[in-house]
Each structure stands twice: as C-alpha cells, then as structure tokens.
Trainee: 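Attaching a single structure in structure tokens format; questions to follow.
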Amino acid sequence: TPEPTAGATEPPAPTAVPTHEPTAGDVASLAPTAPCGPCNVTLKLELFTDDFPEETSWECVQQNAHPGCEVVLDAAGSGYDQNHSMYNIMVSENLCSGETYMFSIMDAHGDGICCSAGQGYYNLWLGGELVTSGGAFDAASSITFETPWPAMMPPRTVAPAMMTHNTTVAPSAATTLAPTHATAAPMVLAESSDVATTPAPTSATDTPTTETPAPTSGTVAPTAATPAPMGW
C-alpha cells in the first residue's frame, strides 16, 4: 500500500451547521384545546342547620373555565331562618364535564354548624356521588373538585406545546467536501521469491588493460655544442 508523500494534504473537516437556540424572544405556542364537554351534570346540597341558621352561607364558583364553556357557575346561598331543619338545594343542573369548581361553606360566628350549638351538617352530591360532607369547622371549609366525563366519552386531551421563534434563521447548508486523495510517488515493488531475477549480463573474460608508454626518439640530440673553427 503506497504511503502518502510529504506534499499530500488531509481533507478539511466539514463545516458544522449552526443551530438556533431558544431565546427570550421565543414564544410558546399551544395547540388548540378540545371543545367544552357536556354541561348536564347536577350538583345538590343537603344542609341541616344548627341553632343559628342565619349564620350559615355557602358558594360554588367555576374555576378557570375552558374556551367554549359558556356556562359559568357562580352560585351562593344564605339567609336561612329555620334551625334544626333540612334544606335540599339544587346548586346547578348544568355543570360541564372536565371543568373544575370550588365549593365553600361559611359560618359567620366562626364555630361551624356542629357541634357546640346544635348538630348541623351538610352533604354535597355531584351527579349522585357524594363529594364532601361535614359540619365541624371554624369560619369556613372549602373543597375543589372536577366534574367527571361520561363513561362513553374520553377526557379532554391537550396537545403538547410547540416552540416557535419570532426570528427566522436561514438554514446553513452543510458543505460536503469531496475527499482529497493523496497521490503517492510510484514505487517499484520487489518481485516475490518465486520469480527468477535475471541480472544484467557481464563479460566472462576480463579484458586486460595494457598501458602503452608514449614513444621516445631513438636519436638523442647532442648536448655538447661543436665550436666553430678558428682562423690563425
């Protein structure tokens, strides 16, 4: 496997796509709620007064009505003048399924309707089911309850909230980079041992190398000069 040369470059890392984090300006958008349920549930109050019935009062108020529920309950009762007497009171005949209500009973003297000044008591019935009862309290006693749904009708469901943003951020497309292949210089791979390697031919007989000296002259020039004849 060829190794990359010194000039080869590694492919750059891909650019990350920026994401938008929710900010203070983001707005939570709730999906539309289901419509109001049937409004045909009855609420009845049985009130047995103590020695001072004029001190007793009550109220029942609908809490945070859902959109579409036009029936808003705000009932109250007081001014009772018969002690040790039973009052059967129809609080409402049109409570809405899935809605929340709060019932409160009060005593002006602050000693309830039982038991220091008579044996008063109350029972609150919702659609034939007992919601609460009592008589021994101080200035007031309250209970919050929800009207049940009919047996053949599923409860109201609310879709989970979805986050929307005030500002629109243009998506940044991720840049896909083509891989850069390093080009290695070709290398000569050694042949495996089972392939015969033929060496370059060489001469079987070494040719002798004879040094031929430079030729010299056979006649040596005279070194002594012949004097010229002198006349007498």
Side-chain angles (χ1 to χ4, degrees), residues 24 26-164:
D26 294 337
V27 179
S29 176
L30 290 177
T33 58
C36 184
C39 298
N40 55 6
V41 183
T42 60
L43 183 66
K44 298 178 181 180
L45 173 64
E46 296 175 346
L47 175 62
F48 188 81
T49 59
D50 63 357
D51 295 344
F52 306 97
E54 69 276 5
E55 296 176 355
T56 304
S57 61
W58 60 269
E59 66 179 10
C60 189
V61 181
Q62 188 170 354
Q63 305 285 304
N64 303 321
H66 287 86
C69 286
E70 300 178 357
V71 179
V72 178
L73 178 65
D74 188 1
S78 62
Y80 304 105
D81 55 6
Q82 300 292 320
N83 61 359
H84 310 149
S85 299
M86 175 65 75
Y87 287 85
N88 293 299
I89 306 163
M90 178 62 72
V91 178
S92 177
E93 293 182 313
N94 51 15
L95 268 63
C96 301
S97 298
E99 295 301 301
T100 302
Y101 303 87
M102 184 175 70
F103 172 81
S104 302
I105 185 168
M106 290 78 68
D107 183 79
H109 191 68
D111 60 353
I113 59 176
C114 183
C115 297
S116 61
Q119 300 297 314
Y121 64 90
Y122 67 93
N123 297 315
L124 186 65
W125 300 88
L126 176 65
E129 298 291 334
L130 183 63
V131 176
T132 185
S133 62
F137 57 91
D138 294 328
S141 177
S142 299
I143 184 174
T144 301
F145 60 93
E146 181 178 327
T147 308
W149 287 80
M152 299 301 294
M153 180 176 293
R156 175 193 295 113
T157 57
V158 179
M162 295 183 297
M163 185 68 69
T164 58

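Just so it is clear, the values below take in all heavy atoms, side chains as well, and ignore hydrogens, waters and symmetry mates.
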Trainee: Closer than 3.5 angstrom, by distance alone: can the side chain of Ser85 be matched with the main-chain N or O of Asn83 as a donor-acceptor pair?
Mentor: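 Here the side-chain-to-backbone pair exists.
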Trainee: Identify each donor-acceptor pair in which a side-chain atom of residues 101-111 lies under 3.5 Å from a protein atom, sequence neighbours left out, and give them as a table.
Mentor:
from   : atom 1 : to     : atom 2 : distance (Å)
Tyr101 : OH     : Cys96  : N      : 2.9
Ser104 : OG     : Ser142 : OG     : 2.7
Asp107 : OD2    : His109 : N      : 3.2
Asp107 : OD2    : Gly110 : N      : 3.0
Asp107 : OD2    : Asp111 : N      : 3.2

Trainee: Taking atom CD of Gln119 and atom CD1 of Ile113, what is their separation to the nearest 0.5 Å?
Mentor: 10.5 Å
Trainee: Of all residues at least two apart in sequence or in a different chain, which pass the side-chain contact (heavy atoms from CB on, under 4.5 Å) check with Asn40?
Mentor: Pro38
Trainee: Going by the rule ring-ring contact (aromatic ring centres under 6.0 Å, His included), which residues pair with Phe137 if we only count those two or more places apart in sequence or in a different chain?
Mentor: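 By the ring-ring contact (aromatic ring centres under 6.0 Å, His included) rule, Phe137 matches no residue at all.
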Trainee: Supply the atom-to-atom distance Thr42 OG1 to Met90 CE, rounded to the nearest 0.5 angstrom.
Mentor: 5.5 Å
Trainee: Would Tyr121 and Thr49 satisfy side-chain contact (heavy atoms from CB on, under 4.5 Å), going step by step from the backbone distance to the final call?
Mentor: CA-CA 7 Å; Tyr121 64 90; Thr49 59; over 6 Å; no
Trainee: For a quick test of reading the model, state the closest non-hydrogen atom pair linking Gly118 to Asp51 and the distance between them.
Mentor: N-OD2, 3.5 Å
Trainee: Just wondering, are more than 12 heavy atoms of other shown residues or ligands nearer than 6.0 Å to CD in Glu54?
Mentor: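 Yes - once you tally the heavy atoms of other residues, nucleotides and ligands closer than 6.0 Å, there are more than 12.
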Trainee: Who pairs with Ser78 by side-chain contact (heavy atoms from CB on, under 4.5 Å), at least two apart in sequence or on another chain?
Mentor: Ser57
Trainee: Test of understanding: with ring-ring contact (aromatic ring centres under 6.0 Å, His included), list the residues that count as partners of Phe52, not counting sequence neighbours.
Mentor: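 Checked Phe52 against ring-ring contact (aromatic ring centres under 6.0 Å, His included); zero matches.
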Trainee: Could you give me the CA-CA distance, side-chain angles and deciding distance for Thr100 and Asn64, then say whether side-chain contact (heavy atoms from CB on, under 4.5 Å) is met?
Mentor: CA-CA 7 Å; Thr100 302; Asn64 303 321; over 6 Å; no
Trainee: To the closest 0.5 Å, what do you measure between CD (Glu146) and CD (Gln63)?
Mentor: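 It is 12.0 Å, given to the nearest 0.5 Å.
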Trainee: Is the side chain of Gln62 donor-acceptor paired with the backbone N or O of Leu73 at a distance under 3.5 Å, no angle test?
Mentor: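 It does hold such a pair.
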Trainee: Any chance the rings of Tyr80 and Tyr87 have centres within less than 6.0 Å?
Mentor: yes
Trainee: Determine all donor-acceptor pairs shorter than 3.5 Å in which one atom belongs to a side chain in residues 123-135; sequence neighbours excluded.
Mentor:
from   : atom 1 : to    : atom 2 : distance (Å)
Asn123 : ND2    : Glu46 : OE1    : 3.1
Trp125 : NE1    : Glu46 : OE1    : 3.4

Trainee: Okay, side chain of Glu99, backbone of His66: is any donor-acceptor separation there less than 3.5 Å?
Mentor: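 Looks like yes, one N/O pair under 3.5 Å.
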Trainee: Determine, stepwise, if the pair Ser97 / Trp149 fulfils side-chain contact (heavy atoms from CB on, under 4.5 Å).
Mentor: CA-CA 5 Å; Ser97 298; Trp149 287 80; 4.0 Å; yes
Trainee: Quick check for you: to the nearest 0.5 Å, what is the distance between Ile89 atom CD1 and Cys60 atom SG?
Mentor: 12.0 Å
